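The shown structure was predicted, so the numbers you read here are calculated from the model rather than taken from an experiment.
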Protein chains: 2
Amino acid sequence: MSRPPRETAAAPEPKPGRRASQRPTIRDVSRLAGVSRMTVSRVLSDPELVLPTTRDKVLKAVADLGYVPDKTAGSLSSRRTGFIALMLPTLTNANFAAVAHGLTEALREANYHLLIAYTDYDMAEEERQLLNLLARRPEAIVLTGAMHRRNASRMLMAADVPVVEIADLPSQPIEHAIGFSNYQVGRTAARYLLDRGFTRIGALAASPDGEVTDHRGEERMRGFEDELRLARLPTDAVLRHGSAPVSFHHGATAFRALVEAQPDIEAIFAVSDLSAVGAVMEAQRMHIRIPDDISIMGFGDFEIGREINPALTTIHVDFRALGLRTGKMLVDMLASDATPAPSVVDVGLRIVERASIKDR
Amino acid sequence: MSRPPRETAAAPEPKPGRRASQRPTIRDVSRLAGVSRMTVSRVLSDPELVLPTTRDKVLKAVADLGYVPDKTAGSLSSRRTGFIALMLPTLTNANFAAVAHGLTEALREANYHLLIAYTDYDMAEEERQLLNLLARRPEAIVLTGAMHRRNASRMLMAADVPVVEIADLPSQPIEHAIGFSNYQVGRTAARYLLDRGFTRIGALAASPDGEVTDHRGEERMRGFEDELRLARLPTDAVLRHGSAPVSFHHGATAFRALVEAQPDIEAIFAVSDLSAVGAVMEAQRMHIRIPDDISIMGFGDFEIGREINPALTTIHVDFRALGLRTGKMLVDMLASDATPAPSVVDVGLRIVERASIKDR
DNA sequence: GTGACAAATGATATCGGTCCCATCAAAGGA
DNA sequence: TCCTTTGATGGGACCGATATCATTTGTCAC
C-alpha cells in the first residue's frame, strides 16, 4: 500500500496511543474554556476557589461538551473512591432492603455511593463477594450478620478501613457493631409467652442443615430454647422445618406440621413475621382460631403483620433507622481522620402487642 | 528543633511523593516474586499465559502479602470498569428487588458488578443519580420505568454505552427495552373482569398528584379505564386514593373508601397486589365476603397473594426472569464488540386465577 | 513606590494498574 | 547451521483525574 497523499492541512491528529474514546475528558474542557485542567477540577469539586468569571467559562464548556467527570480516575488520584460497601444476605427481604435505604439516605448528602453485594445466605459466596468489594477500595465496609469465615475476617482486618457489623451483634466484633442480639430476641419472645401464662409453647424456624443456613434465625431459636429450659419447660415443640430462607409458605406448612405433631400447642413464636403470617393464614384454612385456640407472635414487624386479621404481635427492630444511624456514624468517622475506638451499640428490641396473642 | 542524628544505615526511605498507603500494590508483589508487574497482572487476569512455575511464585507472593488488586486502577487503564448500572424506583419492593437479583445472577459469571441507584419515585432524583452512575463509567445502563426527564434522556444517549429499559415498555425506547406494557396490564385486567360478567367495576390506585407519582400504576389505570370505556361502562369507581407508593395499608383504606362511595361495586382491580391484599384484609374486617360479595384482583403476583384467604387472582410478570434475561443479553452484548440494533421485547403477562374472583 | 501577603491559577508528578510492543529463549524447518 | 515462528516475559507509556508546589496577579500598609 502506498503512502496516502500529503494532507492539505495536516490535522493535529491525536496520538494513537490507545484506542481513543469519544468521551470528553477534563483536558477537553480545559482547552475549550482556556484554563488549566486544575482549574476545571476545582470548579467541579470546590467552586469557591475559583473566580466567578472563570467558573462560568468552565461551566459553559462543561455543558457544551456534556462532560461528565470520570470518578474512576478521580478515585485513583485522590485515593478516595466514595464507595461504602454493604454486604447483605439478600435484597428480597424488606428489612434488609430497609437497611440499604437508610444507609443510602445517610450517605447521600456526603456524596458516598453504596456498593451492594449479597450472599444469598451462602458463606462461601460471602468470601468471594468480599474480595470483589475490597477490590473496589471502599472507604468503609458494612456487613450484616455476625458469621464470617476465618478468611473473611482476616481480609476485613487487613482492609484497613472502618468495618461495621450491623443488625446482629457478634460475640467478637471485628471493629464496630450496631444492632441487636438475635439470641435476646429469642429469649424475649419466650419470656413474653411465659409471662402470658402459656406452658405448651412452640416455635417455627428453618432447618439449619439445608444448603443455606439462617444463622440469625438459628440464634433466635437458641435463645428461645434456653429461656424455655430455664423455665423448666420442654423444647420439643420447637420445630425446625424446611429450608432457609423462610417465607409465608414456609410458615404455612410449618404451622400445619407443628399443630399435627403437637395438637395441644398453646402459643407459637415464629423466627420471622413471614412465617408467622403464613401460619395465621394456614390457621384460617384449618379453622383454628387465632388467638383463641393458638397465640402467635413473629419477629421483624413487617407491614403485612399490621394488616392481617388478627394483627400480628411481633418484635420490632427499626432496620431503616439502623441503616441511617450506621450511615451517619460512617460519615462522621470518615470526615474526621481520627480512628475512633471500636464501639458496640445495642439498639434494643420492642415488643409490639397486637391481637394475635391472648393471655391464657 | 535540631536535625535528628544521622542514621546509622540510611534506610532507602520511600519517596514521600504522596501519603503512602500501607496496602501492597502489584509492584510489591512483582518484587517479592521476582517478576515484572505485567507478569503479575497476567497471572491474575489470564493465568494461562504464564508458566506454571512462574504462576506459583506469583500466587505465593500474592498470598503472603494479602494482595488485593485495585480495580479502580485497573478500570482506568483498561477502560473497562466491570460495572453495570441499575436504576430502580426503590429496593423495598419485592419485584424490583427480584429484578436486581436476577441481574446479579446473570452478571456474576461474567464478573460484572451491579451498581444500584434508586430514585424513590422522584424524577429529579433520577437525574442526579444518573449523573452519579455515569461518573462511574458503567459499561451498560439498566433503567426501570419509561419516564425520564429530557435531560436524563439526553445524558443517556450521549453516554455511549448500551441502555436497556426494563419492566416497562416505553413508547419511545432510548435503545433496548425488555418488559411489558403497564397499559396492557390495565386493559387485560378490565377485559378479564368484563368477561366474568361484572358491570360495576372499580379500581384502587394512588393519586397521581402527590409528591411522588407512580407512573407505572397510572399507566395501568389508563389502560383499565380505556377498556371500561370501550365497553361503554362508567369509570367513576376507579378510585385514586392516597399517595404513592402503595402499600398494604393503602389498599385497606382505599378499599373502605371505595366501598363506602360505591356500595354496589362488584369487582375491583388494584394496581398492585399490595393494595389488593390490603383490600382483602379490610374486607374481612368489614365482613364483606370475598369473592361472594366483591371480587378482587391485583397485579404483581407477590408471594403473600398466594397465601391469603381467599388466594388472590393476579397478573403475573416474572421480574426475576426479566432481570436474568436482561443480564444475559448484556453479557452477550458486551462480549462481542458489535453494536446490535435496538430491540424491544415484550415478555407478556399471565393472569393467575385464584379464588378471589367469582363469575357473576 | 515597594515589600508582604493573600488569592487565583498553572505545571507536573503521581495514583496502580493494563496496553502495546520489544526482547529473548526454545522449537521447528529448510 | 541459520532463519522463522512461537511462547514467555519485560519495559515504558498511558488511562483521566487530583495533590502539591510554584507562579502570577492583586491588595494593602508603610
Side-chain angles (χ1 to χ4, degrees), chain A residues 14-31 33-58 61-62 65 67-82 111 134-137 139 337, chain B residues 14-31 33-58 61-62 65 67-82 111 134-137 139 337:
Chain A
K15 251 190 295 184
R18 290 194 192 174
R19 85 209 117 122
S21 155
Q22 327 308 339
R23 241 193 287 268
T25 73
I26 202 171
R27 176 161 250 131
D28 299 314
V29 177
S30 75
R31 267 199 284 258
V35 299
S36 72
R37 284 174 296 156
M38 239 359 264
T39 299
V40 177
S41 175
R42 287 196 187 96
V43 168
L44 297 176
S45 63
D46 195 352
E48 297 307 306
L49 291 176
V50 176
L51 277 184
T53 46
T54 316
R55 199 190 304 160
D56 293 345
K57 270 193 302 186
V58 171
V62 166
L65 290 172
Y67 171 68
V68 178
D70 184 334
K71 281 211 183 186
T72 304
S75 301
L76 179 59
S77 177
S78 67
R79 299 155 140 291
R80 298 176 23 96
T81 57
N111 212 25
L134 289 175
R136 301 290 184 178
R137 297 293 187 263
E139 298 181 43
D337 47 4
Chain B
K15 249 189 297 186
R18 289 193 193 176
R19 84 208 119 123
S21 156
Q22 327 309 340
R23 241 193 287 268
T25 73
I26 201 170
R27 176 161 253 131
D28 299 315
V29 177
S30 75
R31 268 199 282 259
V35 299
S36 71
R37 284 176 299 155
M38 233 5 258
T39 299
V40 177
S41 176
R42 287 195 187 99
V43 167
L44 296 176
S45 63
D46 195 352
E48 297 306 306
L49 292 176
V50 177
L51 277 184
T53 45
T54 316
R55 197 190 305 160
D56 293 345
K57 270 193 304 187
V58 170
V62 166
L65 291 172
Y67 170 68
V68 178
D70 183 334
K71 281 211 183 187
T72 303
S75 300
L76 179 59
S77 176
S78 67
R79 300 154 139 290
R80 298 176 25 95
T81 57
N111 212 26
L134 288 174
R136 301 290 185 178
R137 298 293 189 263
E139 298 181 44
D337 46 4

Quiz item: B:D70 and salt bridge (charged side-chain N to carboxylate O under 4.0 Å, His left out): which partner among A:R136, A:R137, A:R79?
Solution: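 It is A:R137, the one option of A:R136, A:R137, A:R79 that forms the salt bridge (charged side-chain N to carboxylate O under 4.0 Å, His left out) with B:D70.
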Proximal nucleotide (of [options]) relative to the [X] side chain:
X: B:T25; options: D:dA19, C:dG17, C:dT18; answer: C:dG17
X: A:L76; options: D:dT18, C:dC15, C:dT18; answer: C:dC15
X: A:R137; options: C:dC15, C:dG17, D:dG16; answer: C:dG17
X: A:Y67; options: C:dT18, D:dT18, D:dA17; answer: D:dA17

Quiz item: If you look at every heavy atom in A:T81 and B:T72, which pair is closest and at what distance?
Solution: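 Closest heavy-atom pair between A:T81 and B:T72: CG2-OG1, 3.9 Å.
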Expressed as a whole number of angstroms, how long is the span from [X]:[atom1] to [N]:[atom2]?
X: A:R80; N: C:dG16; atom1: CZ; atom2: C1'; value: 18 Å
X: B:I26; N: C:dC15; atom1: CD1; atom2: P; value: 14 Å
X: A:R27; N: D:dA17; atom1: CZ; atom2: C1'; value: 11 Å
X: B:K71; N: C:dC15; atom1: NZ; atom2: C1'; value: 19 Å
X: B:D70; N: C:dG16; atom1: CG; atom2: C1'; value: 6 Å
X: B:L44; N: C:dG16; atom1: CG; atom2: P; value: 16 Å
X: A:D46; N: C:dA8; atom1: CG; atom2: P; value: 11 Å

Quiz item: OP1, OP2 of C:dG16 versus side-chain N and O of A:R79: anything below 4.0 Å?
Solution: yes
Exercise. Tell me, please, which residues at least two apart from A:D28 pass side-chain contact (heavy atoms from CB on, under 4.5 Å).
Key: A:P24, A:T25, A:R31, A:L65
Self-check item: Presence of donor-acceptor pair under 3.5 Å, side chain of A:S77 and base of D:dT18
Solution: yes
Solution key, residues 37-54 of chain B side-chain donor-acceptor pairs under 3.5 Å, sequence neighbours excluded:
| residue | atom | partner | partner atom | Å |
| --- | --- | --- | --- | --- |
| B:T39 | OG1 | B:S36 | OG | 3.2 |
| B:S45 | OG | B:S41 | O | 3.0 |

Quiz item: So, does A:S75 use its side chain to make a donor-acceptor pair with the main chain of A:K71 at under 3.5 Å?
Solution: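 Yes, the answer is positive, given that a donor and an acceptor are paired below the 3.5 Å cut-off.
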Which pairs, protein N/O on one side and nucleotides 5-10 of chain D N/O on the other, fall under 3.5 Å?
| residue | atom | partner | partner atom | Å |
| --- | --- | --- | --- | --- |
| D:dT9 | OP1 | B:T54 | OG1 | 2.4 |
| D:dT9 | OP2 | B:L51 | N | 3.0 |
| D:dG10 | OP2 | B:S36 | N | 2.8 |
| D:dG10 | OP2 | B:S36 | OG | 2.9 |
| D:dG10 | OP2 | B:T39 | OG1 | 2.5 |
| D:dG10 | O6 | B:R42 | NH2 | 2.8 |

